[in-house]
Student: 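Please read through the structure below; I'll follow up with questions.
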Amino acid sequence: MPVPTLAVEDLRVAIRGDEGVARILDHIAFRLEPGRILGVVGESGCGKSTLIRAILGILPQGAAIGSGRILFEGEDLLAFSQAELNRSVRGSRISFIPQDPYLALNPVFTVGAQMLEVMRRHRPGAPREHRAHLVRLLRRVQLPDAEAALDRYPHQFSGGQRQRLLIAAALACAPRLIVADEPTTALDVTTQQQILLLLRELVEEMGLAMLFVTHDLGVVAELCDEVCVIYAGQSVETGPARALLDAPLHPYARALLACHPDRAEGFLGIPGAVPSPLRAPPGCRFAPRCAQAREACASRAPHPRRAAPGRMVDCILHDPAAVPA
Amino acid sequence: MTPILEVRELAVDLGGRRRWLRPDLPPVRAVRGVSLSLRPGEVLGLVGESGCGKTTLGRTILGLQRESGGEIRLDGAVVSGLAPREARRARNAIHYVHQDAGAALDPWWSIGRTLEEALLVQGVRDPAERRARIDEVLAAVGLDATARPRYPHEFSGGQLRRVALARILALRPRVVILDEPTSGLDMSVQAMVLNLLGTLRRRYGLTYLFISHDLSVVRRFCDRVAIMYLGRVVELATAAEVFARPRHPYTRALLAASPSLSPEARPPAPIPAGEPPSAARLPPGCAFSPRCPHAQAPCRRTDPALAPDGRGETACLRWREIAADTMLPA
């Protein structure tokens, strides 16, 4: 098996706050191979942002890694110091595309100055070469008038153009992995589709791996090769996008897909609410809302099992070792 | 059936002023000759990308924005041509639910006080009646009387939508303008909000103008759909027709671009390059022509009006030829 670009193994993250210890992530596991796009899907509060921060090594103060490894090209990022991450990982081999392209750009500097600064730190070569490379990238992301764009300020671009700028910035130092945090949520559908097509092409062209965090199942169906569904900090099901979306196995994944207007038989939603990570139920965190829950679910530790080729499901119903009810 | 609300050739210009020693600042033509009617009890979807004028149209129908031309009729009576204050009084049967329910509620006011204020403004003098009506609408949206002393920050996004709906229900509306009622909600919450909207519509006999950019939701929830592009309605038909047989090239592009759980099941169409031009600098002829893959010389000269097409209305000079060319059933 090839070395995955990113492999997250049994990741647990807890954050200590005024109200106690919030176990935000409780067993996250997935693998991402080069040239593939993995969609991480979950509703708000499920731990998507904490997962991104853990991968980028920017967890907030008070956060503690309970267990697990984040293997990037075979090396455990959790063992790296901040200085090592800065020197050889963040901004160079792993780059980031944020949700809001406007907040990510400094309004008082030209976009060229901001992007060249990152390249000066992380990429060998002379400023002149950097500039030429950047113009090539801006052309590649189909930004109109790429040459002049470098001397303009963020407010002079539309939302879609700003997102193209940030995609070019993310590519500037030849990364192996791009972490994208809902990069198309703020865009109109036609612009969103243009950006999704562009990301797909770039990943294939450059053999990158992309972790695409989103709450939009339609976008996952359009873009992703693989999906990891997260509920309340637990990765409940992972597998090939097509197969998972067509026939989800985990009760939460099933309930979530049944809420999508393309699939819904009636608009019912999922009864109950996502538990607070301060008071997460023991065992399976979906059990209190699950129609198929059994007594054993409340005490069951996270334990993903292979349910079909390439598919991992963390549910007692798909665990051959579990005692039948 | 007589329409409950009818909009004819409505035009709205925003901004624009004369300037001394400089060229006048032309107004932005946000809505350009829109004609729509709402039948009692139906859900009309109003779809388009940001800047297409859908929110301005909603605000104008409500009476917050004065129209610069055209006519609005409510139950057959003309209610347009009035200053905003009188316009709101005349259109008392129309109410509006904001896109961001949290931002539309005063964080310093309890839910009970917010709901009561709406009734006071409407002149409900009797405190017992106000109380009864508040309890009734809170129950109708699936909250209970314990919500009354609580404050907006204590509620989740889905609950805030319920509060926002309760606030307008207390005013006994007949037409409700829903501005992006599901944007920013999680999928499971969105399903519950849509379910509630359906229940309220049946229970109170409401008519909805459903402004949204989410085509998956519109397809499932709306009876008819109007597609807007740069201030104009370019296609209007039943939801089933629009989604099965889109006629206008912009509608086709929109359908092809909107994410779907079954991308392969969508009718194929080219995604237009570029972005919609600003409403302040409209292109000549059909506003979509610069991005339209089917545009020809006449499209750049004539701005087509919405015209009957056999099953609805389309504003495109070439829809017949395009339907024939692209081998879609006409």
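Quick caveat, the model's predicted, so the values are computed rather than measured. Letters A, B, ... are given to chains in the order of the sequence lines, protein chains preceding strands, and every chain is numbered from 1.
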Student: For the interface with chain A, which of B:N195, B:L261, B:V218 has the highest count of heavy-atom pairs at distances below 4.5 Å?
Tutor: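 The candidate making the most pairs under 4.5 Å is B:L261.
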
Student: Roughly how far, to the nearest 0.5 Å, is the CD atom of B:E180 from the NE2 atom of B:H213?
Tutor: 5.0 Å

Student: Report the residues that fulfil side-chain contact (heavy atoms from CB on, under 4.5 Å) with A:D225, sequence neighbours left out, ordered by chain and then residue number.
Tutor: A:R36, A:I37, A:R200

Student: Pick from A:G159, A:A273, A:G218: which one has the most heavy-atom pairs with chain B under 4.5 Å?
Tutor: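 Highest number of pairs under 4.5 Å: A:G218.
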
Student: Can you check whether B:P246's main-chain N or O pairs, donor with acceptor, with B:R252's side chain at less than 3.5 Å?
Tutor: yes

Student: Examine the side chains of B:T146 and B:D144 and answer whether a donor and an acceptor come within less than 3.5 Å of each other.
Tutor: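 B:D144 and B:T146 do have a side-chain donor-acceptor pair below 3.5 Å.
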
Student: Under 4.5 Å from any heavy atom of chain B, what part of A:R263 do you find: side chain, backbone, both or neither?
Tutor: both

Student: Between A:Q161 and chain B, which part of the residue has a heavy atom less than 4.5 Å away: side chain, backbone, both or neither?
Tutor: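 For A:Q161, the contact with chain B is made by backbone and side chain together.
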
Student: Hey, which of A:E43, A:Q193, A:Q194, A:R242 has the most heavy atom pairs under 4.5 Å with chain B?
Tutor: A:E43

Student: Do the numbers put A:R152 on top of the ring of A:F157, so that NZ or CZ is under 6.0 Å from the six-membered ring centre and no more than 45° off the axis?
Tutor: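 Checked: cation-pi criterion met.
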
Student: What residues of residues 41-57 of chain B sit under 4.5 Å from chain A when you count only heavy atoms?
Tutor: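 At a heavy-atom separation under 4.5 Å, chain A is reached by B:E49, B:S50.
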
Student: What's the spacing between A:I15 CD1 and A:R23 CZ if we round to 0.5 Å?
Tutor: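 Atom-to-atom, A:I15:CD1 and A:R23:CZ are 13.0 Å apart.
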
Student: Side chains of A:R254 and A:Q292: any donor to acceptor distance under 3.5 Å?
Tutor: yes

Student: Taking every heavy-atom pair that is under 4.5 Å apart, which of A:G42, A:P271, A:S158, A:C259 has the most such pairs with chain B?
Tutor: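 Heavy-atom pair counts peak at A:C259.
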
Student: Chain A contacts: which residues in residues 150-160 of chain B have a non-hydrogen atom closer than 4.5 Å to it?
Tutor: none

Student: Restricting to salt bridge (charged side-chain N to carboxylate O under 4.0 Å, His left out), what partner residues turn up for B:R232, sequence neighbours left out?
Tutor: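 Expected list: B:D303.
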
Student: Where is the tightest heavy-atom contact between B:H248 and B:C316, given as atom of each residue plus distance?
Tutor: CD2-CB, 3.7 Å

Student: For a side chain to side chain contact (heavy atoms under 4.5 Å, CB included) with A:F212, tell me which candidate from A:V219, A:V179, A:V40 qualifies.
Tutor: A:V219

Student: Please report the closest heavy-atom contact between B:A140 and B:L200, naming both atoms and the distance.
Tutor: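 Heavy-atom minimum between the residues: O-CD2, 3.7 Å.
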
Student: Can you tell me if A:R162 uses its side chain to pair, donor with acceptor, with the backbone of A:P101 under 3.5 Å?
Tutor: no

Student: Against chain B, work out which of A:D262, A:T185, A:L197 has the most heavy-atom pairs shorter than 4.5 Å and name it.
Tutor: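 Option with the top pair count is A:D262.
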
Student: Taking all non-hydrogen atoms of both residues, which atom of A:T191 and which atom of A:G160 are closest, and how far apart?
Tutor: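 Closest approach of A:T191 to A:G160: CG2-CA, 3.7 Å.
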
